[in-house]
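Please read the structure below before turning to the comments.
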Amino acid sequence: MRDTVTVRRAPIIVKRGMESRDWDNAAEFALENVQVVAQSTSREFEDRVTQVSDRRTLRAMYSADIKPGDRVEWNGETYEVEGEVFHTKSPTGRVSSTRCTLVRWEG
């Protein structure tokens with residue numbers, strides 16, 4: 001695993017009783033030794049392309065600091081962690097890993 005991504009983690013704030021992320025004050029750090037691979041993509045049309053979604057799988061070391069709600073910048077694009085982050089420990093400890101789905105939308 002030779003890729004490096006930038007992880008952005010925004011604090012949660014409460015505005016008018018609603019929780020949201022404060023992306024203007026997000027912490028940013030590099031996550032090294034990861035692998036980002038294609039998962040799926042789709043396009044919707046209404047006379048022209050109106051929406052594109054791009055899903056990828058991020059694989060990293062078991063101890064990788066990545067959480068649901070984080071944003072990940074990779075290859076010039078910004079993705080969001082979709083769903084849960086899975087930390088899988090192998091019985092021997094040799095191939096323990098972290099895995100999550102990244103998604104990017106346009107349109």
(request) Taking all non-hydrogen atoms of both residues into account, name the closest pair between P68 and V81 and its distance. (result) CA-CG1, 4.0 Å

(request) List the atom of V72, the atom of L58, and the distance in Å for their closest heavy-atom pair. (result) CG1-CD1, 4.3 Å

(request) Output all residues satisfying ring-ring contact (aromatic ring centres under 6.0 Å, His included) with F86, sequence neighbours left out; order by chain, then residue number. (result)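 Applying ring-ring contact (aromatic ring centres under 6.0 Å, His included) to F86 gives none.
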
(request) Please collect all ring pair (Phe, Tyr, Trp, His ring centres under 6.0 Å) contacts where either partner lies in residues 54-78, sequence neighbours excluded, each pair once. (result)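 As it turns out, the ring pair (Phe, Tyr, Trp, His ring centres under 6.0 Å) pairs with a partner in residues 54-78, which skip direct neighbours, are Y62-H87.
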
(message) Test: ring pair (Phe, Tyr, Trp, His ring centres under 6.0 Å). Region: residues 6-40. Which pairs qualify, not counting sequence neighbours?
(response) none

(request) Measure the CD-SG distance between E82 and C100 for me, rounded to the nearest 0.5 Å. (result)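 Interatomic distance, E82 CD to C100 SG, rounded to 0.5 Å: 10.0 Å.
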
(request) Output the distance between atom CZ (R56) and atom OG1 (T101), rounded to the nearest 0.5 Å. (result) 12.5 Å

So, [X] side chain and [Y] main chain: donor-acceptor pair closer than 3.5 Å or not?
| X | Y | answer |
| --- | --- | --- |
| T98 | M61 | yes |
| S96 | S90 | yes |
| R21 | A10 | yes |

(message) Assess the residue pair E28 and T6 against the criterion (side chain to side chain contact (heavy atoms under 4.5 Å, CB included)); give the C-alpha distance rounded to whole Å, side-chain angles, the decisive distance to 0.1 Å, and a yes or no.
(response) CA-CA 7 Å; E28 187 173 291; T6 301; 3.3 Å; yes

(message) Could you tell me if the side chain of V7 sits less than 4.5 Å from the side chain of D65, heavy atoms only?
(response) no

(message) I'd like to check I13 versus S20 (side-chain heavy atoms, cut-off strictly below 4.5 Å). Are they in contact?
(response) yes

Only counting residues at least two apart or in another chain, list the ones meeting side chain to side chain donor-acceptor pair (under 3.5 Å) with [X].
| X | value |
| --- | --- |
| S53 | S42 |
| N25 | D22 |
| S97 | none |

Please identify each residue that fulfils salt bridge (charged side-chain N to carboxylate O under 4.0 Å, His left out) with [X], with sequence neighbours left out.
| X | answer |
| --- | --- |
| R104 | D54, E77, E106 |
| D3 | none |
| E84 | none |
| R99 | none |

Donor-acceptor contacts under 3.5 Å from residues 30-37 side chains, at least two apart:
{"unit_1": "Q35", "atom_1": "OE1", "unit_2": "R59", "atom_2": "NH1", "d": "2.9"}

(request) Quick one: list whatever passes side chain to side chain contact (heavy atoms under 4.5 Å, CB included) with T78, sequence neighbours left out. (result) R71, E73

